[in-house]
Amino acid sequence: MPIEIIPLEPTLRSAIQQAFLKCYNLTLSEAACSLQVTRKEFEGTFSLPVFPFCKSCQAQPTELAETIGQWLQTHTDLIARYHVINGFLNLVIDAAIWMAILKSIADNPSYGHLPKQKRRVVVEFSCPNTNKPQHLGHLRNNFLGSSLAAILDAAGYTVHKVNLINDRGIHICKSMVAYQQFGGDATPASTGIKGDHFVGNYYVKFDQVYKEELALLPEGETPLILQKAQRMLVEWEKGDSVVMALWQKMNGWVYDGFNVTYNQLGVTFDKTYYESEAYLLGKSIVEEGVHKNIFYKRTDGAIAVDLEGLGEKVLLRSDGTAIYITQDLGIADWRYADYHFDQMIYVVGNEQTYHFKVLFAIMSQLGRPYATAMHHFPYGMVDLPDGKMKSREGNVVDADHLIDEMAGTVGNYMGHTHKTEGLTQEELEKLHHTLAMGALKFFLLRVAPQKRMLFNPNDSIDFQGDTGTFIQYTYARICSLIRKAQANQTLDPPSIQLSQLEQALIFQLYRLPAAIEEAAVTYMPSVIANYALELAKTYNRFYASAPILREANPSIRAVRLLLSVCVGRVLKKSMALLTIELPEKM
RNA sequence: GGUUCCGUAGCUCAAUGGAUAGAGCAACUGCCUUCUAAGCAGUAGGUUGAAGGUUCGAGUCCUUCCGGGACCA
């Protein structure tokens with residue numbers, strides 16, 4: 001049974017409430033005594049700004065802080081000292097407490113996993129189209145989704161990761177038409193091109209031809225190649241055998257390509273849905289809406305819904321074919337039947353905010369009980385210096401290419417060091433990949449999700465400074481220490497006088513559950529990224545300034561080693577929440 | 001036109017309404033005979049887009065405007 005970790009904030013808060021009651025006869029709500037982390041230029045761990053209480057206590061800030069500080073020091077054993085500066089009461093936690101916290105963290109193998117809650121969450125992400133390979137923007141989505149799922153899991157929820165493949169629709173028909181027209185009998189195997197790239201090339205080809213034809217046509221006329229695609233969509237929905245065969249063949253190529261990429265990314269799903277399997281269900285929900293008089297048929301034959309404030313929204317084209325939202329209606333019902341979720345999170349770019357408002361409004365009008373459980377988690381685009389990435393125009397940062405390029409950069413760097421001697425070629429390649437993915441994932445995850453990101457292909461992603469590599473490096477150094485430590489080195493050291501830096505490190509270890517909690521409620525993996533970065537920075541400062549294995553005093557040596565072990569474990573845990581692997585050597 | 005997100009150092013980003021707004025990159029100085037220098041220590045870099053307002057206290061909340069993106073028309 002692991003030792004209970006002392007809950008510092010709640011204990012302090014109730015002590016402060018008591019202090020105000022005893023000293024000023026003032027009853028404070030728990031929320032009112034909000035503790036903050038002391039700025040690092042002052043001594044202390046937690047600070048209480050006393051300004052808000054001055055009026056009710058009829059006291060000057062300094063006098064008030066002094067009184068409360070005095071009371072806390074004499075009536076609790078958490079506080080060693082206190083300082084009153086500029087109306088802030090800075091509380092210094094007793095060093096013995098830190099020692100106890102370190103031991104309880106070391107003793108708790110599942111540290112960083114919050115208590116299990118009865119809450120079932122479905123996270124939908126990735127959701128690629130089967131007409132093009134994935135680019136940097138898709139990577140942000142994949143990583144945000146995977147990371148969010150890991151964070152919610154650590155926060156105690158039951159999490160299901162699902163993918164939804166956009167495998168049908170007019171855009172898919174476009175690459176099919178282009179292949180029919182220009183592909184001959186070329187295949188990914190015959191050309192040596194990865195399947196998703198192979199199909200993506202025909203999507204680009206379609207757009208070229210479309211634009212050429214459009215330029216030659218009078219205003220308002222539809223290019224022949226687009227007419228073909230539109231006809232093909234109708235034939236597809238009828239189940240035409242030639243069209244279906246082509247569709248299955250081309251999608252198969254794309255899935256082969258996707259699997260390679262997902263493997264590289266380390267992205268997995270509990271279930272994959274296909275829009276082709278849901279659009280009929282979607283259409284039946286449209287019928288249901290018409291029956292209930294929530295939807296109506298327009299004069300042009302399209303089915304639409306009038307959503308107050310959101311305008312009119314078409315749900316089924318006049319030719320009867322399904323559109324994006326038709327499928328989403330079906331998928332929503334299907335998924336609820338599968339999981340009976342308490343919360344459904346759609347990880348989709350912020351360009352679709354309106355789409356999801358519409359979807360949720362419709363589900364609510366249809367009286368679905370889970371409508372209020374659905375949430376859109378919008379994130380910003382990854383833009384290039386000259387604007388948005390557009391697959392059909394070919395100006396994208398291709399995911400596969402970027403990963404290869406980064407692994408190559410790592411490989412070149414490695415050529416100049418000798419730290420990885422003894423690794424086999426296979427292990428070395430795995431290490432290059434781990435480092436490349438670490439840098440890439442961290443680069444995309446450390447930024448607040450709602451922010452749009454700019455990526456300049458000319459500036460490569462860094463491996464130095466505030467990067468995933470920095471954290472991986474810190475971890476590798478800790479592993480090296482542990483390898484070199486004497487086998488008889490105890491990990492149950494006696495209590496010693498801890499330095500400022502050691503106390504600060506323990507405090508940061510102690511903050512892990514709070515960071516997970518915050519990341520989980522705000523849906524922000526960046527909270528974890530920044531937490532891990534700060535921890536690694538503090539540790540590196542400690543590592544540079546204090547001898548660990550070289551320390552002569554065995555008690556101090558043991559404490560420092562234990563501290564290193566704990567930092568390593570917490571770094572590993574935090575990075576796992578970002579789906580980043582840490583190598584033991586680099 | 002409407003809705004919405006964003007605007008912080010040259011660049012990329014931090015900062016639960018709290019103290020002198022912090023990091024990294026790039027630039028410049030130091031530190032490898034010692035636990036991994038992908039590191040550490042330091043110098044320099046700011047009217048937080050602008051103006052009002054709320055507050056003991058605003059980068060953060062409210063209003064208006066400016067700039068950028070996205071979406072709906």
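Keep in mind the model is a prediction, meaning the values are calculated, not measured.
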Using the side-chain hydrogen bond (donor to acceptor under 3.5 Å, both in side chains) rule, take A/Tyr82 and A/Gln70 through it: C-alpha gap first, then chi angles, then the decisive distance, then the call. CA-CA 8 Å; A/Tyr82 67 92; A/Gln70 190 61 247; 3.1 Å; yes
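Out of B/A41, B/A38, B/C13, the shortest distance to the side chain of A/Met453 is found at B/C13. Minimum atom distance to the side chain of A/Ile85 is reached by B/A19, of the listed B/A19, B/A70, B/G39. The listed nucleotides are B/A19, B/C35, B/C13; the one nearest the side chain of A/Gln36 is B/A19. Ranking B/A38, B/C13, B/U3 by closeness to the A/Lys357 side chain, first place goes to B/U3. Checked against B/C35, B/A38, B/A14, the side chain of A/Met586 finds its nearest nucleotide in B/A38. Considering only side-chain atoms of A/Lys451, the nucleotide from B/C6, B/C56, B/A19 that sits closest is B/C6. For A/Val410, counting side-chain heavy atoms from C-beta on, the closest listed nucleotide (B/A19, B/A38, B/G24) is B/A38. In the set B/U36, B/A19, B/G69, B/A19 carries the atom at the smallest distance from any side-chain atom of A/Ser47. Closest to the A/Glu351 side chain, of the nucleotides B/A19, B/C35, B/C71, is B/C71. For A/Arg483, the side-chain atoms get nearest to B/U36 when compared with the rest of B/C13, B/U36, B/C35.
Contact annotation: A/Arg446 does not reach the phosphate of B/A14 (side-chain N/O to OP1 or OP2, under 4.0 Å). Contact annotation: A/Arg477 side-chain N/O to B/A37 OP1/OP2 distance is under 4.0 Å.
If you check every strand for non-hydrogen atoms under 4.0 Å, A/Tyr543 touches a base. At the heavy-atom level, A/Phe51 lies under 4.0 Å from base atoms of the strands shown. Heavy atoms of A/Thr353 sit nowhere under 4.0 angstrom from any nucleic acid atom. Heavy atoms of A/Pro547 sit under 4.0 angstrom from at least one base atom. Counting non-hydrogen atoms under 4.0 angstrom, A/Leu310 reaches nothing in the nucleic acid. If you check every strand for non-hydrogen atoms under 4.0 Å, A/Arg550 touches a base. Across all strands shown, A/Ala546 has heavy atoms under 4.0 Å from base atoms, whether or not it also approaches the sugar-phosphate.
B/G68 atom P lies 19 Å from atom CG of A/Leu384, rounded to whole Å. To the nearest angstrom, P of B/A19 lies 9 Å from CZ of A/Phe42. The nearest whole Å value for the distance from the CE atom in A/Met406 to the P atom in B/A38 is 17 Å. Here the P atom of nucleotide B/C13 and the CZ atom of A/Arg452 are 10 Å apart, to the nearest Å. A/Leu533 places its CG atom 11 Å from the P atom of B/C25, with the value rounded to the nearest Å. Rounded to whole angstrom, the span from the CD atom of A/Gln450 across to the P atom of B/A70 amounts to 18 Å. For the pair A/Ile516 CD1 and B/U16 P, the computed distance is 18 Å after rounding to whole Å. A/Asn540 places its CG atom 5 Å from the P atom of B/C40, with the value rounded to the nearest Å.
Atom C1' of B/A21 sits at a distance of 12 Å from the matching atom of B/A58, rounded to the whole Å. Rounded to a whole angstrom, the distance from the C1' atom of B/U29 to that of B/G68 is 39 Å. Atom P of B/U4 sits at a distance of 43 Å from the matching atom of B/G39, rounded to the whole Å. A distance of about 43 Å separates the P atoms of B/U20 and B/C35, rounded to the whole Å. Nucleotides B/G59 and B/G53 have their P atoms positioned 15 Å apart, rounded to a whole Å. Here, B/A27 and B/C62 have their C1' atoms 42 Å apart, quoted to the whole Å. Separating the P atom of B/C56 from that of B/C13 is a span of 37 Å, rounded to the nearest Å. Nucleotides B/A14 and B/A51 are separated by 27 Å at their C1' atoms, to the nearest Å.
Each of A/Phe360, A/Phe125, A/Phe356 was evaluated against A/His376; a single residue qualifies, A/Phe356, per the ring pair (Phe, Tyr, Trp, His ring centres under 6.0 Å) test.
Using modelled atom types, one finds no donor on one side chain facing an acceptor on the other under 3.5 Å when comparing A/Asn350 with A/Arg452. Looking at A/Asn540 and A/Thr474, their side chains do bring a donor and an acceptor atom within 3.5 Å of each other.
With hydrogens and angles ignored, no donor-acceptor pair closer than 3.5 Å exists between the side chain of A/Ser526 and the base of B/A14. With hydrogens and angles ignored, no donor-acceptor pair under 3.5 angstrom links the side chain of A/Asp462 to the base of B/A38.
Ring planes of A/His355 and A/Tyr324: parallel class, angle under 30° (limits at 30 and 60°). By the 30° and 60° cut-offs, the orientation of the rings of A/Phe443 relative to A/Phe455 is perpendicular.
Contact check on A/Glu427 versus A/Lys585 returns no salt bridge, with no Lys/Arg side-chain nitrogen under 4.0 Å from an Asp/Glu carboxylate oxygen. A salt bridge is defined here as a Lys NZ or Arg NE, NH1 or NH2 lying under 4.0 Å from an Asp or Glu carboxylate O, and A/Glu534 with A/Arg511 fails to meet this definition.
Both geometric conditions, a ring-centre gap below 5.5 Å and a plane tilt below 30°, are fulfilled for A/Phe88 over the base of B/A19.
If you find the closest nucleotide of RNA chain B to A/Asn86 and to A/Ser480, the one lying nearer the 5' end belongs to A/Asn86. Toward the 5′ end of RNA chain B lies the nearest nucleotide of A/Glu534, the other residue of the pair A/Tyr354 and A/Glu534 mapping further downstream.
Taking the O4'-C1'-N9-C4 or O4'-C1'-N1-C2 dihedral as appropriate, B/C31 has a value more than 90° from 0 and is therefore anti.
The cationic group of A/Arg140 does not satisfy the cation-pi geometry with A/Tyr379, failing either the under 6.0 Å distance to the six-membered ring centre or the 45° limit from the ring axis.
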